[in-house]
Amino acid sequence: MSTIHPFSEQLVSWYEKNARDLPWRQTNDPYLIWLSEVILQQTRVAQGLPYFEKFKENFPTVFDLAAAPENVLLRHWQGLGYYSRARNLQKTAKIVVEQFKGFFPKSYQELIKLPGIGPYSAAAISSFAFGEPHAVVDGNVFRILARYFGIEVDIADSKNRKIFEKLANDLLIKSQAAKFNQSIMEFGSLQCSPSPNCDGCPIKIGCFAFLNGKVNSLPVKTNKVKILSRFFNYFVIEKNNKILVKKRANKDIWEGLYEFYLIETESVLSLQEILLNDKKIAFFANFTNELPAPKPHQLSHQKIYSKAFHVQIPDNFEFELGGEYEWKSAIELEELGKPVLIGNLITDNFQLPVFNS
DNA sequence: AACGCGGGGAG
DNA sequence: CTCCCAGCGTT
């Protein structure tokens, strides 16, 4: 069964006339393909593009990436979100260097074993870099196939993924796997977007959703994300022109990124209330000034309400928290990967002496 | 199978 | 506001 479905033919034809000129389409280097695919996971092209250029510039080869300190990688990743991608990026870079002598494995089955490479990325890399016939299934593909072929199952239910994978692989033009995969994703991005441009669509005449007035109800996706509210009280503790920071631990947001001394509470509290249960810095209440409160920070599944305080400890006072806390100068702080919330907090309060030194 | 994980752009 | 983006790893 190697006949080409009209859908596939028209899609590729559309792509050849409408494709954007994106940098990762100008190379067959599996390293750059891989880098771009990881950057683009759950990330819009416009947001990922500058990061791709920056990583390509700073880490031209997989050897450069494998050799970089994790903190440097997280600093470059700052602002892109889903920071486990940056940590897995380096795990895979090291595996490729140490186990494969710097050459990426070529097969889907080998690629998917690497950290940070799942079904989508394995299909993308194996087809784009090596021409292997594996159809990508991402958000675009779910949307296009659900609409065009009238698949009304819940795409949020993982058991339905195989329905789309089967169909996508049946539609795949095996001799042009890379171009077909690029075509379907570009079509989803530019034509069959969440809010689609059906007027200018070249394949609407065959589209189930268009013909049945279901463009706005397909794909079916249940949404059950509940937003957790959290209350972060940050203390920018300064002494001897240095700031106290701590690396965030496992199994919470922003793992591996740096932040200031944090007291998390169950609700919005006053400074006095916050310090009531604190054993370490309550003594310095008289040296503490409240900073303008940062805007609530919205994550996909948490909303962070925060307050910020500046604690100016006199140079001759004894004060050490030890352990996981580190004193950093403004320059050292700049070089650490930080959540956007912390970056904004610094920028918004740039008048602090330590940040001007 | 369900959940946790960022940040931002578009409507 | 809501939706969702070139998804993946953990439990």
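Every chain is numbered from 1 and lettered A, B, ... according to where its sequence line falls, protein lines coming before strand lines. As a basis for the values below, the full set of heavy atoms in this structure was taken, side chains included, without hydrogen atoms, waters or symmetry mates.
Note: Phe283(A) and Phe317(A) have tilted aromatic rings, judged against thresholds of 30 and 60 degrees for the angle between ring planes. Below 30°, between 30° and 60°, or above 60°: for Tyr108(A) and His134(A) the angle between ring planes is below 30°, a parallel geometry.
Rounded to whole Å, the C1' atom of dG8(B) lies 23 Å from the corresponding atom of dG9(C). dC5(C) and dC5(B) have their C1' atoms separated by 14 Å, with the value rounded to a whole Å. Taking atom P in both dT10(C) and dG6(B), the straight-line distance is 14 Å, to the nearest Å.
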request  = In sequence, state the C-alpha distance, the side-chain angles, and the governing distance for Arg161(A) and Glu165(A), and then conclude on salt bridge (charged side-chain N to carboxylate O under 4.0 Å, His left out).
outcome  = CA-CA 6 Å; Arg161(A) 179 185 176 85; Glu165(A) 284 189 330; 2.8 Å; yes

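Scored by the salt bridge (Lys or Arg N to Asp or Glu O under 4.0 Å) test, Lys251(A) finds no partners at all (sequence neighbours excluded). For Phe149(A), the ring pair (Phe, Tyr, Trp, His ring centres under 6.0 Å) partners are His5(A), Phe7(A), not counting sequence neighbours. In this structure Arg44(A) satisfies the salt bridge (Lys or Arg N to Asp or Glu O under 4.0 Å) test with no other residue, sequence neighbours excluded.
Leu114(A) comes within 4.0 angstrom of the backbone, heavy atoms only, and of no base. Using a 4.0 Å heavy-atom cutoff across all strands shown, Asn88(A) reaches sugar-phosphate atoms only and no base atom. Ser121(A) comes within contact range of the sugar-phosphate backbone alone, with a heavy-atom separation under 4.0 Å but no base atom that close. Here Gln78(A) lies out of heavy-atom contact (under 4.0 Å) with every strand.
With hydrogens and angles left out, the side-chain atoms of Tyr261(A) and Asp278(A) include a donor and acceptor closer than 3.5 Å. With hydrogens and angles left out, the side-chain atoms of Asp64(A) and Thr61(A) include a donor and acceptor closer than 3.5 Å.
At a non-hydrogen distance threshold of 4.0 Å, Asp138(A), Gly139(A), Asn140(A), Arg143(A) from residues 130-157 of chain A come into contact with DNA chain C.
Read 5' to 3', the first and last nucleotides of DNA chain C with an atom closer than 4.0 Å to a heavy atom of chain A are dC3(C) to dT11(C).
The pair Glu335(A)-Lys328(A) fails the salt-bridge criterion, with no side-chain N (NZ, NE, NH1 or NH2) lying under 4.0 Å from an Asp/Glu carboxylate O. Remark: Arg25(A) does not engage Asp21(A) in a salt bridge, criterion side-chain N to carboxylate O under 4.0 Å.
Nearer the 5' end of DNA chain C, as judged by each residue's closest nucleotide, is the contact made by Trp24(A), out of Gly116(A) and Trp24(A).
For Tyr82(A) and Trp77(A), the gap between ring centers reaches or exceeds 6.0 Å.
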Quick tally for nucleotides 3-11 of chain B: nucleotides whose base has a protein heavy atom under 4.0 Å get B, sugar-phosphate-only ones S, the rest -, giving -SBBBBB--

